[in-house]
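Because only heavy atoms are used, hydrogens play no part in the values below, and waters and symmetry mates are left out as well, while side chains stay in.
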Amino acid sequence: MGRKREKNRVMNKRQQQSEIRHQRILQAASHRFARFGYQSASMDDIARDAGVSKGLIYCFYKNKQALYEATLRRELSQWLEESAHIAPHKNDPVADLQSLICAPFDILRNKPVLQTLLTGDTETLTRYQPLFRRLRRRWRNRIMAILKDGIAHNVFDREMDTVHTAGIIYTLQRSYLDRAVINTNNKMPAPEAVLALSEFVVKAVVKNQNVIDVKSGGSQGLIEDAGW
């Protein structure tokens with residue numbers, strides 16, 4: 001009985017050590033793929049950064065493409081989990097809307113491979129389009145729910161077309177990410193810039209403001225006022 005417990009203890013320790021090395025490989029791969037791109041990132045460099053042998057990487061992944069896909073799935077899974085836990089502010093739709101606008105940028109700051117995918121890797125992005133379509137629909141619905149809550153609390157304009165306005169906010173949010181990252185060589189926009197964006201959007205939907213026409217359209221004014 002004692003031998004069995006000892007054997008299980010040793011096996012568990014080996015599994016833990018293996019998982020630690022595995023996570024180091026994924027972390028090193030994320031850094032290399034994000035900094036140097038898929039083609040220039042080598043398995044030798046990834047192994048050296050992770051402090052493991054190249055052969056160990058091949059024990060986990062059959063080739064570089066499989067490793068790249070694993071780093072992407074890891075970051076995407078983390079992003080989805082963290083995004084799902086954006087805490088609502090009770091009876092404060094303004095704070096909720098600001099959080100929903102700012103949170104994706106904050107979360108993506110530590111997801112370099114996902115940043116690269118969202119802003120340029122069109123070939124890989126194409127394979128994930130069905131998933132991203134579902135995510136876009138889910139995100140717009142969350143925005144729309146907050147807008148409706150704001151109307152119910154008499155904070156947002158009651159004349160607002162919530163479907164149309166949620167679409168504008170989502171498009172503006174995504175466009176801001178694309179342009180900021182592309183124009184700054186894959187650097188995320190500064191937190192204060194994202195906060196300014198959220199404050200501008202809130203101003204657009206709060207009662208008695210005239211930043212955009214939330215009844216039927218007019219996103220061009222919003223984009224121009226945001227400095228684009």
Pairwise distance NZ(Lys203) to OG(Ser198) - rounded to 0.5 angstrom: 13.5 Å

Plane angle bin for Phe36 and His31 - parallel if under 30°, tilted between 30 and 60°, otherwise perpendicular: perpendicular

Donor-acceptor pair, side chain of Lys64 and main chain of Ala41, under 3.5 angstrom: yes

Phe60 versus Ser18, closest heavy-atom pair with distance: CZ-OG, 3.6 Å

Rounded distance [0.5 Å steps], CZ in Arg32 versus OG in Ser42: 6.5 Å

For Gln27, all residues meeting side-chain hydrogen bond (donor to acceptor under 3.5 Å, both in side chains), sequence neighbours excluded: Arg74

Least distance between heavy atoms, Val194 atom then Ile101 atom: CG1-O, 4.4 Å

Residue pair Leu172 / Leu197, side-chain heavy-atom distance below 4.5 Å: yes

Same apolar cluster (I L V M F W Y, side chains within < 4.5 Å links), Met144/Val94: no

Val201-Val163 co-clustered via ILVMFWY side chain contacts under 4.5 Å: no

Flag side-chain contact, heavy atom, 4.5 Å: Asp157 against Thr165: no

Which residues share a salt bridge (Lys or Arg N to Asp or Glu O under 4.0 Å) with Asp92, sequence neighbours left out: none

Straight-line distance of Ile25 CD1 to Ile57 CD1, nearest 0.5 Å: 5.0 Å

CD-CD1 distance between Glu159 and Ile151, expressed to the nearest 0.5 angstrom: 9.5 Å

Side chain proximity check, Leu67 to Leu26, heavy atoms < 4.5 angstrom: yes

Approximate separation, where rounding is to 0.5 Å, of Phe33 CZ and Gln39 CD: 10.0 Å

Student check: side-chain heavy atoms of Leu147 and Ile143 closer than 4.5 Å: yes

Sequence neighbours excluded, every pair satisfying side-chain hydrogen bond (donor to acceptor under 3.5 Å, both in side chains) that has a member inside residues 134-148: Trp139-Gln173

Met43 and Tyr61, any side-chain heavy atoms less than 4.5 Å apart: no

Atom of Phe156, atom of Ile146 and distance for their closest heavy-atom approach: CE1-O, 3.7 Å

From Asp96 atom CG to Leu100 atom CG, the distance as rounded to the nearest 0.5 Å: 8.0 Å

For the student: nearest non-hydrogen atoms of Ser53 and Ala47, plus distance: C-CB, 4.0 Å

Between Glu19 and Gln15: side-chain donor-acceptor atoms closer than 3.5 Å: no

